[in-house]
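Here the structure is a predicted model, which means the values were calculated and not measured.
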Amino acid sequence: MTKRLYYDSSEVHEFDSVVEDVAPVSSAQSRPAVILRETAFYPTSGGQVHDTGWLTLGEHGEDDARLRVAEVAEAEDGRIVHYLEAPPRLPLAGAAVHGIIDPERRRDHMQQHTGQHVLSAAFIELYQMPTVSFHMGEDYCSIDLAAPSVGSEQIAKAEKRANQIVFENRPVQIRYVSRAEAEKLGLRKLPPAERDELRLIEVADFDLSACGGTHVSASGQIGSILLRKTEKVRQGTRVEFVCGDRAVRMARRDYSALSEAAALFSAQLWDVPDQIRKSVEESKLLRKQKDDALDQLAELMALAALQNQPETNGPKIIVRAFSDRDIGFAKLFAQKVTRAATPAIALVASTVDPPGLVFAQTPSQTLAQASGGALGSTADMGALLKQVLSSVGGRGGGSRDFAQGGVPAGSHINVEQLLRQAAVTIGA
Ligand SMILES: [Zn+2]
């Protein structure tokens, strides 16, 4: 088992050690790894992510090499594995190394992790909601509370209480006790029985729990605790939070986004939600007005087209290509033509990119009656569309009375030509 220097102090950022084992690249592992006699590198465990840093080989001599420690993991046998990122060379077992962990990343993890202890304890103190798991991500952290829901007022109160503990700058101490002692101490969370000796983290007169992670030495160093969104999860409610520098960064990012939104509305920050609500309502209304207007326009154009078409024995055939309206309007126009009182066939296209075609007819039954059965077998809109599109590699289809399709965008296929072809096919 590797001796863990971070157990006694989270402030140990540099250390000397000796290489115990080296695992070269293998089929199972794409990066080489080294195991040291002792290490200050924290391995991913207990919800906290690993440290990163460097290992320096040699006694500051000419063959000094700096190896990047990209990931640190805990093996089942308790040894800590340092994965190296493309090292120029690998050390040999027995070689002396000097380790340096990335202090900023460590500081951040200490803030998040201690913040989690305080926050979990606050949820217990205020609402008896125990934390069942903790996750530390790259952007934010989260705890899962064994509670079906957590209200926004509870979130605000827990945040306030947790920050009060931060402001009081209470000492955070590490203690080692036997399992029997720990059971008597009333820990917030007792780990499953594995070891005889337990490492306890105590936030003075507020929280006592068993933990192997890295923590700050006084609660003030957490800086601040900012609660974010809550979400229902299988085991209860997930509460996202950020501490210290992350809290400031996130608040800064939110502020920038909100400021930008406010500037767009020429409004104050706090008026943005109202402005958005108003805007959404307005665009809904405008969309409705536009749809109504297009509907009326299509109706009038359809009636005019039918009127201008001379009477014949069969249905009136309306052929129209729109160069200034999209396929949605072409479809609407075709529907209006075929739902009017006069039996009709609409062969309609939009040449607006991507070009499309709509073939429709007054429902077959009505049409067959109107044409005295003459068009009953030929006017199948789906088949007709497939036929004209197959010659140009277009795609589409539909039923006997309504079919829609398109030609590849930017293909320069003349859809008006396709309409004429279709009209000739049905004998227009
Ligand atoms: Zn902890």
Side-chain angles (χ1 to χ4, degrees), residues 1-114 134-139 141 174 176 191 194-199 201 211-217 221 245:
M1 196 164 159
T2 311
K3 182 170 163 50
R4 294 152 196 249
L5 301 171
Y6 60 81
Y7 263 0
D8 295 326
S9 169
S10 296
E11 301 295 340
V12 176
H13 295 165
E14 294 199 28
F15 62 101
D16 288 310
S17 190
V18 173
V19 174
E20 277 198 342
D21 205 354
V22 181
V25 172
S26 70
S27 55
Q29 184 48 247
S30 61
R31 292 167 300 182
V34 296
I35 287 164
L36 307 176
R37 190 179 58 202
E38 63 267 281
T39 188
F41 281 92
Y42 183 81
T44 297
S45 52
Q48 185 179 333
V49 286
H50 62 85
D51 284 317
T52 57
W54 297 268
L55 292 179
T56 312
L57 301 177
E59 291 296 316
H60 315 290
E62 280 172 15
D63 60 345
D64 275 8
R66 236 160 100 90
L67 313 179
R68 175 70 180 163
V69 177
E71 195 185 337
V72 188
E74 190 176 25
E76 270 180 26
D77 58 8
R79 300 204 296 177
I80 292 175
V81 187
H82 307 76
Y83 291 102
L84 304 175
E85 190 180 271
R89 63 189 170 89
L90 280 177
L92 299 171
V97 291
H98 183 70
I100 304 165
I101 63 164
D102 178 341
E104 264 185 53
R105 184 175 162 98
R106 164 63 68 85
R107 167 71 48 199
D108 171 59
H109 293 175
M110 286 156 63
Q111 287 181 324
Q112 310 310 316
H113 198 149
T114 319
F134 161 54
H135 169 77
M136 187 190 288
E138 290 294 329
D139 294 326
C141 306
I174 305 166
Y176 292 93
E194 260 177 22
R195 296 179 194 136
D196 291 337
E197 192 185 53
L198 291 178
R199 179 177 186 258
I201 303 301
C211 185
T214 55
H215 308 85
V216 296
S217 54
Q221 292 167 16
D245 188 42

Worksheet item: Minimum heavy-atom separation for Leu67 to Pro91, with atom names?
Response: CD1-CD, 3.9 Å
Practice prompt. Taking the side chain as every heavy atom from C-beta outward, state whether His113 and Cys211 have any atom pair closer than 4.5 Å.
Written response: yes
Worksheet entry | Ile174 and Ile201, any side-chain heavy atoms less than 4.5 Å apart | yes
Response to the item:
Tightest non-hydrogen contact, residues Glu20 and Ala93, listed as O-CB, 3.9 Å
Practice prompt. Decide yes or no on side chain to side chain contact (heavy atoms under 4.5 Å, CB included) for Tyr7 and Val12, but give the supporting numbers first.
Written response: CA-CA 10 Å; Tyr7 263 0; Val12 176; over 6 Å; no
Item to complete: State the CD1-NE2 distance between Ile100 and His98, to the nearest 0.5 angstrom.
Response: 4.5 Å
Worksheet item: So which heavy atom on Pro24 is nearest to which on Leu90, and how close?
Response: CA-CD1, 4.3 Å
Discussion item. Could you work out, with side chain to side chain contact (heavy atoms under 4.5 Å, CB included) as the rule, every residue matching Asp21, not counting sequence neighbours?
Written reply: Ile35, Arg79
Worksheet item: Can you tell me if Thr52 uses its side chain to pair, donor with acceptor, with the backbone of Ala70 under 3.5 Å?
Response: no
Practice prompt. Quick one: do Arg66 and Arg68 satisfy side chain to side chain contact (heavy atoms under 4.5 Å, CB included)? Show the steps, please.
Written response: CA-CA 7 Å; Arg66 236 160 100 90; Arg68 175 70 180 163; over 6 Å; no
Discussion item. Contact between Val69 and Leu84 at the side-chain level, heavy atoms closer than 4.5 Å - yes or no?
Written reply: yes
Item to complete: Would you give the length of the straight line joining atom CG of Asp51 to atom NE2 of His13, rounded to the nearest 0.5 angstrom?
Response: 8.5 Å
Discussion item. The test is side chain to side chain contact (heavy atoms under 4.5 Å, CB included); show your working for Glu85 and Arg31 and say whether it passes.
Written reply: CA-CA 7 Å; Glu85 190 180 271; Arg31 292 167 300 182; 5.7 Å; no
Item to complete: Using the side chain to side chain contact (heavy atoms under 4.5 Å, CB included) rule, take Gln221 and Thr114 through it: C-alpha gap first, then chi angles, then the decisive distance, then the call.
Response: CA-CA 9 Å; Gln221 292 167 16; Thr114 319; over 6 Å; no
Fill in: Check: Tyr6 and Pro43 side chains under 4.5 Å, non-hydrogen atoms
yes
Discussion item. If you define the side chain from C-beta out and look only at heavy atoms, does anything of Leu55 sit under 4.5 Å from Val19?
Written reply: no
Fill in: Contact summary for Cys141 and Met136, nearest pair of heavy atoms
SG-CG, 3.8 Å
Discussion item. Quick check for you: to the nearest 0.5 Å, what is the distance between Arg107 atom CZ and Asp102 atom CG?
Written reply: 12.0 Å
Worksheet item: Which atom names give the shortest non-hydrogen contact between Gln111 and Asp245, and what distance separates them?
Response: OE1-N, 3.4 Å
Worksheet entry | Residue pair His215 / Gln48, side-chain heavy-atom distance below 4.5 Å | no
Worksheet, complete the sentence: Distance col, row Met110:CE vs Gln112:CD, nearest 0.5 angstrom, shows 11.5 Å
Worksheet item: Has Glu104 got more than 12 heavy atoms of other residues, nucleotides or ligands less than 6.0 Å from its CD?
Response: no
Practice prompt. Determine yes or no for a side-chain-to-main-chain donor-acceptor pair under 3.5 angstrom, with His82 supplying the side chain and Val34 the backbone.
Written response: yes
Worksheet item: Is the His109 to Tyr42 ring centre distance short of 6.0 Å?
Response: no
Worksheet item: Are any of the side-chain heavy atoms of Leu36 and Phe15 separated by less than 4.5 Å?
Response: yes
Worksheet item: Any side-chain heavy atom of Leu57 within less than 4.5 Å of one from Arg89?
Response: yes
Item to complete: Could you tell me the separation between the CZ atom of Arg37 and the OG atom of Ser17, rounded to the nearest 0.5 Å?
Response: 5.5 Å
Worksheet, complete the sentence: The reported gap from OG1 in Thr214 to CD1 in Ile101 (rounded to nearest 0.5 angstrom) is 8.0 Å
